[in-house]
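Reading through the structure tokens given below for one structure.
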Amino acid sequence: MKITIKRYHPHFKPQYKDFTYEIPQNLTLLEALEYIKESIDNTLTFSKGCRSGVCGSCAVRVNEKEVLACEYKIEDGDKIEALNFIEPIRDLVVDIKKPLKTLKIAKTYLSKPNEISMNEKDEKLIRKQSDCILCAACYSSCPVFETNSNFLGPFALSRSYRYIADKREENKKEKIEAVISNGIFDCTLCGNCTVVCPQGIDPKRDILMIQSEALKYGYQNPNLSNFGSFGLDF
Amino acid sequence: MIYDVLVIGSGGAGLCAALSAKEIGAKVIVVGKSYPTRSQTSMAQGGINAVLNEEIDSIESHIEDSIKSSKGLCDKEIVEYVCKEAPLVIKWLDSIGVPFSRNGNFIAQRRLGGAKADRACYAQDYTGLKILHTLYDNTIKEDIEFLNEHFLLNLIVENGFVKGATFLDIKTSEVKQILAKSVILATGGYSKIYKNFSTNSSQATGDGIAAALRAGCKLSDMEFIQFHPTSLKKSSILISEAARGAGGKLIDQNGNRFADELLTRDELSRKIFEKIEQKNEIFLDITHLGEEFIEKNLPQERRLSIIYEGVDPVKEPIPIKPAAHYTMGGIDVDKNMQTNIKNLYAVGECANAKMHGANRLGGNSLLEIVVLGKLAGRNAALSSSKNYIEEKIYEQSINDTNFIKGVFNFPNKIDFYEKREFLSKIFYQNVGVKREEMGLKGVLSVVRQTQREFAFMGIKDRSPLYNTNLVEFIEFGNMIELSETILVSAISRNESRGAHFRADYPKQDDNNFLAHTLTWKEDGVLCADFVKVKDNA
């Protein structure tokens, strides 16, 4: 079967070019990329790691949808390209530095741990969010970046909620303050992130949860009046 | 710029070391070839051992189990230290935010192979992932400086002291030197020599150990490589020991059980390998545990099995085989994690602190990286004042710059990807679960031939920009360097002990081999010797 890869090299002209490769059946996309690199073209450039869906290295887009290359079974005619909204380096490799900076801004850590111990129910509240592998698939799927490159983005906000909801966090206010600007109220609630997350995390829900927490600290959604009616479709 | 502590490798061991060095005021930088959350630690599933309830378990029992599994090759002092620290580090991990699974109000624990009690604390089957990510979040909180996508080339050593290290900036192919008063290697193991017959990440290529060997460090017990009994048949992806701990059964194609599922990993791997050699197919059966239990406790196992094997473990037994999983050997360190080069430390899978000996227990490696990672960080920070660093361009840096330039002009007459593939296959067959002299010597001659051919290999990709062809070529160089140490060690040890099983010497021989295998280089030539273990009585 054939797959097409949109390749990129900033020193070449044109910088972007589509290449089609003939590959064996029944491979994961990562296996296909390795096959191409080792036996067709040594210059194909991509990131890889655990090949079992936990290290978050190999997220790319297939037919414009974000997937982990190691978990995706290729189909004839698939078109592969790098993640969106993240500076490309070469071929399928993007520079994850800037997306990771959002974690610092959003203060995604226990700021002031208390002495309260977590029970089974408390742990369940943050179980899914803490499954995040930082693959940035959600970041690439988020349309807010088309207009606001400083948006914190879905993974940082889900991680923020993971610490806001953590029973052991004493200083929830600091956490919420950190995600107001370019954060929870800038999300359009389109739900793309929820659809593409390979770990089944629901950042849209987590963002809504922070919004309602934020109300308790006096932060109102500044866009709410634009929606016409309260609550709309959620 | 001169740092107090340079941590090389950003997995669990490296992050713990960095956090503890920073805590006592050291100026720290962490340099890694990838990103922290992409490291091997993310793949650890089963758990982290600690005795939390003295009514059902005891620290003595944890020590005893670890010593027993090590088959005489551990250092009792280290094992005692790690097991005693274990409850304290679980408390610490809990306090910095690790979301351990709970059983009611308490941290949940489960039993792994070789343990007398339910001792492994876990976070579903994402224990390593959640510990690693929480550590990473804390490095952000503590403003730890990172330099990612920089590949370790060599250590800079002068007059017996480490002065820093040289790195390939993967984005530009430039060589950079980073100077530091203390250096900690936390670069992981070398299981990827077995490539497709390993459960590990493609990053586990032993780069730090190879650099240490070239710098004059002694390596120890390199022949001890743990095979995990239950990796997926097609992809070698790990199915956690937690599946057996929860009651999973090993069966052959006729549905017959043939082994006690809670035997240690080495014993079980051999039994499975023998059955497969006799043309049987082996499966891990967890169907009787039921969908609800599997979804709650082993969700990742289920998903991996469906994606990579096309089998839903709720409905059908999972096809498995043993695969290289963990390397007990590594850079020889003392009880302070110090190598034989002054101010150079090593910790985690790249080091041999003699915690695991001839066979590691499940749940003891996450424990080791946290306890000993913190120890290494502290010791490196405290000793940094004893080293003086001259700020200059070191010779190593010039040599490595020339080497990288040279690689771009290597003739590339021999394809290293083919050689890498071939080597992994003969390693699995001859340097795997079962070994014998003829096979080992055959592989050694192939490895030495491959070393001679290295300069005739090379890269096709001539771009300096993010050249993964170049990185993989250097990784391959490191692997063939370490392969020789594994083989020389395995050939010298004419006995069977733990993970090292010699079909031609099937018995443990304490008279001659209750000793650590040391390998090191003198003027480029590999030397080997045994050193008797400290009295563990």
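By convention in this document, chain letters (A, B, ...) are assigned in the order of the sequence lines, proteins followed by strands, and residues within each chain are numbered from 1.
Side-chain contact annotation: A:Y139 with A:E66, donor-acceptor N/O pair under 3.5 Å absent. Inspection of the B:T199 and B:H325 side chains reveals an N or O donor paired with an N or O acceptor under 3.5 Å. Using a 3.5 Å distance cut-off with no hydrogens or angles, the side chains of A:Y109 and B:E142 do not pair a donor with an acceptor.
Looking at A:R7 and A:D91, a side-chain N of the basic residue comes within less than 4.0 Å of a carboxylate O on the acidic one, giving a salt bridge.
Contact check for A:V60 versus A:V67: side-chain heavy atoms found under the 4.5 Å cut-off.
Ranking B:N148, B:I459, B:I140 against chain A, the residue ahead of the rest is B:I140, based on heavy-atom pairs under 4.5 Å. Taking B:D143, B:T41, B:L232 one by one and counting their heavy-atom pairs under 4.5 Å with chain A, the maximum is reached by B:D143.
Of the two parts of A:R127, the backbone and the side chain both hold a non-hydrogen atom closer than 4.5 Å to a non-hydrogen atom of chain B. Interface remark: A:D131 contributes backbone and side-chain atoms alike to the contact with chain B (heavy atom separation under 4.5 Å). Using a 4.5 Å cut-off between heavy atoms, B:I96 touches chain A through its backbone atoms (N, CA, C, O) alone. For a residue to count as touching a neighbouring chain, one of its non-hydrogen atoms must lie under 4.5 Å from one of that chain's; by this rule B:S198 touches chain A with the backbone only. Proximity to chain A (any heavy atom under 4.5 Å) is restricted, for B:Q124, to the side chain, taken from C-beta onward. For a residue to count as touching a neighbouring chain, one of its non-hydrogen atoms must lie under 4.5 Å from one of that chain's; by this rule A:Y72 does not touch chain B. Only the side chain of B:Y126 comes within contact range of chain A, with at least one heavy atom under 4.5 Å from a heavy atom of that chain.
Taking the ring centroids of B:Y122 and B:F100, they lie at or beyond the 6.0 Å cut-off.
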